[in-house]
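Proteins get letters first, then strands, A, B, ... in listed order; numbering begins at 1 in each.
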There are 2 protein chains.
Amino acid sequence: MSVSIHEIARLAGVSSATVSRVINGSSRVTPETTRRIQRIIQDCNFVPNRSAVHLKHGKSQIYGMIVPDLTNPFFMEMVKIFEELLVENELELLLANTDFHSTRMQRSIHRMLLRRVDGVAFLASEHEAGPLESLVKNRIPVVTTDHYRTAPGMSDIVVDFRNGMAQLILHLRDLGHRTIGFIGGSDGLATSRIRRESFLDAIVKLGLSSRDGWIVAGDYRIGGGAAGMEAILGQDEIPTAVVAANDLTAIGALRTAHQKGLRIPDDISVAGCDDIEMSDIVYPPLTTLRISRRQYAQMLFDGLQWGAEDFTRPGKVLSLPMKIVVRESTGLAPRRGGRRNSPGNGASVTRKSR
Amino acid sequence: MSVSIHEIARLAGVSSATVSRVINGSSRVTPETTRRIQRIIQDCNFVPNRSAVHLKHGKSQIYGMIVPDLTNPFFMEMVKIFEELLVENELELLLANTDFHSTRMQRSIHRMLLRRVDGVAFLASEHEAGPLESLVKNRIPVVTTDHYRTAPGMSDIVVDFRNGMAQLILHLRDLGHRTIGFIGGSDGLATSRIRRESFLDAIVKLGLSSRDGWIVAGDYRIGGGAAGMEAILGQDEIPTAVVAANDLTAIGALRTAHQKGLRIPDDISVAGCDDIEMSDIVYPPLTTLRISRRQYAQMLFDGLQWGAEDFTRPGKVLSLPMKIVVRESTGLAPRRGGRRNSPGNGASVTRKSR
DNA sequence: ATCCCCAGGGTAACCGATTACATTGCACAT
DNA sequence: ATGTGCAATGTAATCGGTTACCCTGGGGAT
């Protein structure tokens, strides 16, 4: 189809080796010949076929990225930043979206193998890790997120959710909140467990309280947040603040709260995690925990380089800090109880059950 | 690196040709041999190297997609759907984001050439089309959006913005609006022009009015929408409704309006275009024009197939319908003027200047 | 017994680049 | 004149698959 190096060589009256040397800037070619060949390359719109280079060199110059949900702005921003990082390094991105389906994840990994990518950034640790083995077996470096497991060639970037959650709960306590609910991720996923535990730890450390009915599962999406809030508000008593496992969940929670006629933060405070752009747009703007995307992407990249340099050495664990961003969805805890269906009720939050 | 077909052949005690035949399901191999080889392939985690296949076959099985702004949820959704479509067809996606920079676009195209992609979906028609020529020269099919130009190997998908805008303006007229403003895209971009003209045509056709100060440029982002709304509200008189070139712009406009203390839609109606998920979340939920992503993606794909089948025949033009989605950001036109700084003013919209 | 056919499988060229090694030719030393 | 050294360029193997073509051997027809 498109012109090859041999075609260029023929036109220039030289061998393909010389053309290759010009392309790669080897010094062994006369300036005059170099110019002549470069001119022809220009005229023919020639660019070397990377599949051929790949075959010869063993490096595909492609990095894979597997995300669980492209419609989540957080992941989308990560894709964007990661792609920029790759382009700066003359690399390309092979993107895969699992949509939380493990079949789709397996196929994604298969595609990564097909292309012999130079590394895979795996942001979908929600899934079972088994299939990642086949990447490592093929000596493809992998960097996971919140996976809490490493191996030679497999590094892990851990978001310091524990610390972030501590900041958030401290903030809520300072606002007078004593009873706090939590809307998590999907049940059964590793990250969901970690986040819920971090929340509980922070609650306990600061001597605050929660209860089973206030700790519900979500799905890291708006819908799950809305349903989760509905479940919490359906309890006999409700907490004065609700923390969500991510911003989409928090936004869903906001919507439900509005629909039920609750004012935020006057009646109930809501906080999220991720700091997506949308969080500053919704009403009220969301208090949340921010992760630096650039730092995150850089860590992913570094983790892959680490694995690529020497596949035998053990994987690294890098910790990524979070920082609280206070906006208007959190405010002073209501003096009066937040009991549903009785907004005028003056009673403080009581412990009916237990 | 990873195992090759020859390694498999050696282990199975056959030639690489036989292994290849097994992989590709050729009937020339004994069932028994087939099973034995398949077993070894399984055990070794072998998958054929696509770069090698590409080299031999001339098909890279990669499609490129170039978008102007990945942080725009509309494009992100398009990426997601298009990727799904490709995966269904055992193809892969090479994603490029230009961030509205023409240098980045040129580099993106260069990367598409490097990989010898089988086709490029170009959603960034905001840019000059020149660099696309190099794709066509290399016989890579291209499908553009709202590009209003075709050529052999280059098809174009045109969003029927004219019709959509007519629906929207009709809706606003039925609500009693007579004076309508418009916040467009960045100045100098082709799509911006088209959208502005469609707006003006619709206005004129229905006998409504606008004026220079109410027709401002944006940047297809929230910031531009906010600034655009600020400019419109800074006029001596303001329209009763504002239409934005896309939803992000409309959302920015909403924010400014809120900050200025205007109630929506009581004081001023706002409408957008795209129907991104966020539009149903913001307050108030946005009236907008919806494009079916699936249909759009399918058209892009079909356009590329069309070019691939026979590169010499002229490109197709496909038209994509829009459909109005009425939500709460548009309402009855205020009886009383929407003059800024005088919310209690009972005067109807007056024409001070001109 | 001889020949033919064909199923099953091997051989080797090829795709487009890279690169170790070989070759050429010219300047300069002896 | 001959050899030496080096710069400029050519030759050919190679990467991992695919496939046109070739080879082999056993069964059936004559």
Interatomic distance where [atom1] belongs to [X] and [atom2] belongs to [N] [whole Å]:
X       : N      : atom1 : atom2 : value
A:Asn49 : C:dT18 : CG    : C1'   : 13 Å
A:Lys56 : D:dC15 : NZ    : P     : 7 Å
B:Ile37 : C:dG10 : CD1   : P     : 8 Å
B:Arg50 : C:dC15 : CZ    : C1'   : 17 Å
B:His54 : C:dC15 : NE2   : P     : 13 Å
A:Leu55 : D:dC15 : CG    : P     : 9 Å
A:Lys59 : C:dT18 : NZ    : P     : 17 Å
B:Phe46 : D:dG16 : CZ    : C1'   : 8 Å

Sugar-phosphate only, base, or nothing, as touched by [X] at under 4.0 Å among non-hydrogen atoms:
X       : answer
B:His57 : sugar-phosphate
B:His6  : base
B:Ser4  : sugar-phosphate

Under 3.5 Å, is there a donor-acceptor pair linking the side chains of [X] and [Y]?
X        : Y        : value
B:Asn24  : B:Ser26  : no
B:Thr312 : B:Asp310 : yes
B:Thr144 : B:Asp156 : yes

Along nucleotides 5-12 of chain D, 5' to 3', which nucleotides get a B, which get an S, and which get a -, given that the test is a protein heavy-atom distance under 4.0 Å?
---BBBB-

Any side-chain N or O of B:Asn24 under 4.0 Å from OP1/OP2 of D:dT18?
yes

So does B:Arg116 get a side-chain nitrogen or oxygen closer than 4.0 Å to the phosphate oxygens (OP1/OP2) of C:dA17?
yes

Evaluate whether atom CZ of B:Arg293 has more than 12 neighbouring non-hydrogen atoms of other residues, nucleotides or ligands under 6.0 angstrom away.
yes

Residues that B:Phe301 engages under ring-ring contact (aromatic ring centres under 6.0 Å, His included), provided they are two or more places apart
B:Tyr63

What residues, two or more places apart in sequence or in another chain, satisfy ring-ring contact (aromatic ring centres under 6.0 Å, His included) together with B:Phe82?
none

Looking at side-chain heavy atoms only, is the closest gap between A:Arg111 and A:Val117 below 4.5 Å?
no

